[in-house]
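Below is one structure, written out as structure tokens; comments come after it.
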Amino acid sequence: QKGNEAGIDEVLRQIKIQGLEEDLVISVGDSLYGSEACRKKVSAHGNLVHIFRLNTRRNVYCRPEVANDLSGCSGRPKEYGEKISLSDPKELPEPDVRSETGRMTRNGKIDRVLIDRWDNMLLRGSTQYSGSKHPITLIRVRIVGKDGKDIFKRPMWIGMLGQRRHQITSITAYLHYRSRFSIEHFFR
């Protein structure tokens with residue numbers, strides 16, 4: 001068993017042991033935890049919202065456009081809409097929500113954190129896991145200095161998966177994911 005799959009299994013086991021089946025539970029993982037196997041396990045639990053990093057080389061998809069008149073159409077309905085490469089942000093539609101917060105650096109400067117959110121985006125699945133039936137919330141995080149320029153070359157992309165993901169704000173998702181870095185340093 002792969003480490004990321006064992007990690008998700010442990011989260012699910014702890015939910016059961018701790019009696020959290022009815023409570024909103026948030027798990028956070030790096031890009032390995034966005035694999036199809038992990039997404040499949042998370043999707044089976046209604047109370048779990050999984051926040052994971054997305055690689056900039058990853059493609060996401062919009063929901064397909066639904067035709068008003070389906071008469072005369074033959075064949076299978078589309079499951080995925082327009083393909084969007086995270087490495088080319090010009091292709092992205094307007095975000096559903098824009099948020100802003102601050103971040104204090106070690107030397108006491110305050111940087112602006114700009115967060116864009118797209119609801120109901122899709123990741124590809126397979127015959128074993130239909131990604132079109134389990135939409136994600138896509139979040140882009142950019143950190144901007146006082147001069148208005150991006151501090152980092154590329155934005156951070158985060159995905160949120162789970163039936164209750166709409167209960168979590170963009171800023172809360174960013175703060176939960178950001179806490180990962182402190183936890184990793186603690187374990188190191």
Side-chain angles (χ1 to χ4, degrees), residues 1-16 18 20-64 78-87 89 91-93 95-99 113 115-142 154-181 183-184:
Q1 187 178 28
K2 294 181 179 173
N4 55 341
E5 294 173 32
I8 289 291
D9 286 341
E10 184 60 25
V11 168
L12 298 175
R13 191 172 80 80
Q14 288 300 319
I15 289 172
K16 191 172 185 178
Q18 303 294 327
L20 300 172
E21 288 92 353
E22 302 300 319
D23 298 327
L24 174 62
V25 177
I26 299 172
S27 66
V28 180
D30 61 15
S31 59
L32 288 175
Y33 287 85
S35 69
E36 181 181 315
C38 291
R39 289 184 290 132
K40 183 177 181 180
K41 291 177 183 200
V42 168
S43 298
H45 291 78
N47 68 318
L48 177 61
V49 174
H50 183 54
I51 301 172
F52 57 97
R53 185 133 182 202
L54 291 165
N55 191 314
T56 55
R57 292 186 303 257
R58 191 107 189 227
N59 293 323
V60 296
Y61 298 83
C62 294
R63 285 247 195 228
K78 288 180 86 173
E79 290 187 57
Y80 300 94
E82 183 183 350
K83 177 180 169 180
I84 297 167
S85 172
L86 296 182
S87 62
E91 297 178 10
L92 283 166
D96 296 318
V97 179
R98 288 183 186 250
S99 305
V113 180
I115 304 171
D116 294 328
R117 175 183 180 133
W118 293 266
D119 292 316
N120 298 317
M121 299 299 280
L122 302 172
L123 293 172
R124 282 278 187 193
S126 67
T127 54
Q128 290 80 31
Y129 174 74
S130 178
S132 63
K133 291 182 176 60
H134 304 284
I136 67 165
T137 298
L138 178 66
I139 297 173
R140 176 178 62 190
V141 179
R142 294 175 38 232
R154 288 187 286 260
M156 179 170 64
W157 294 97
I158 300 171
M160 273 197 304
L161 174 68
Q163 295 172 15
R164 296 175 65 179
R165 71 188 182 283
H166 300 294
Q167 296 177 8
I168 300 169
T169 67
S170 305
I171 293 173
T172 303
Y174 161 70
L175 292 174
H176 277 303
Y177 190 81
R178 195 178 84 179
S179 69
R180 256 194 83 245
F181 302 119
I183 293 167
E184 294 287 334

Can a side-chain donor-acceptor contact be found between R53 and S31 if the only test is distance below 3.5 angstrom? no

Closest non-hydrogen contact found for L122 with G131 is CD2-O, 3.8 Å

Looking only at heavy atoms, the pair that brings N55 and L86 closest together is O-CD1, 3.7 Å

*Donor-acceptor side-chain pairing of E5 and Q1 below 3.5 angstrom*: no

Pair Y129, S43: side-chain N/O donor-acceptor within cut-off below 3.5 Å
yes

Discussion item. If you count heavy atoms of other groups shown closer than 6.0 angstrom to CZ of R164, is the number above 12?
Written reply: yes

When every non-hydrogen atom of P155 is compared with those of T56, the smallest separation belongs to O-CG2, 4.3 Å

Does the ring centre of H50 sit less than 6.0 Å away from the ring centre of F52?
yes

* Asked: If we only count heavy atoms from C-beta on, is the Y80 to P64 side-chain gap below 4.5 Å?
  -> no

Note: R63 and S132 closest approach over all heavy atoms is NH1-O, 3.5 Å

When every non-hydrogen atom of I139 is compared with those of S170, the smallest separation belongs to CD1-CA, 4.3 Å

(request) Step through the shown structure and confirm whether more than 12 heavy atoms of other residues, nucleotides or ligands are within 6.0 Å of NZ on K40. (result) no

- Decide if atom CZ of R142 counts as having more than 12 heavy atoms of other residues, nucleotides or ligands within a radius under 6.0 Å. no

With a 4.0 Å cut-off on N to O distance, would you call R117 and D96 a salt bridge? no

ask   = With side chains defined as the heavy atoms from C-beta onward, is the minimum distance between V141 and I158 less than 4.5 Å?
value = yes

Exercise for review: Report yes or no: does R165 contribute a side-chain atom to a donor-acceptor pair with the main-chain N or O of V49 at less than 3.5 Å?
Suggested key: no

_Are the side chains of I115 and R98 in contact, using a 4.5 Å heavy-atom criterion?_
no

Here the pair of heavy atoms bringing S35 nearest to N4 is OG-ND2, 3.5 Å

Those residues at least two apart in sequence (or on a different chain) that pass side-chain contact (heavy atoms from CB on, under 4.5 Å) with V11 are I15, S27, L48

Got a salt bridge between R13 and E10, using NZ or NE/NH1/NH2 to carboxylate O under 4.0 Å?
yes

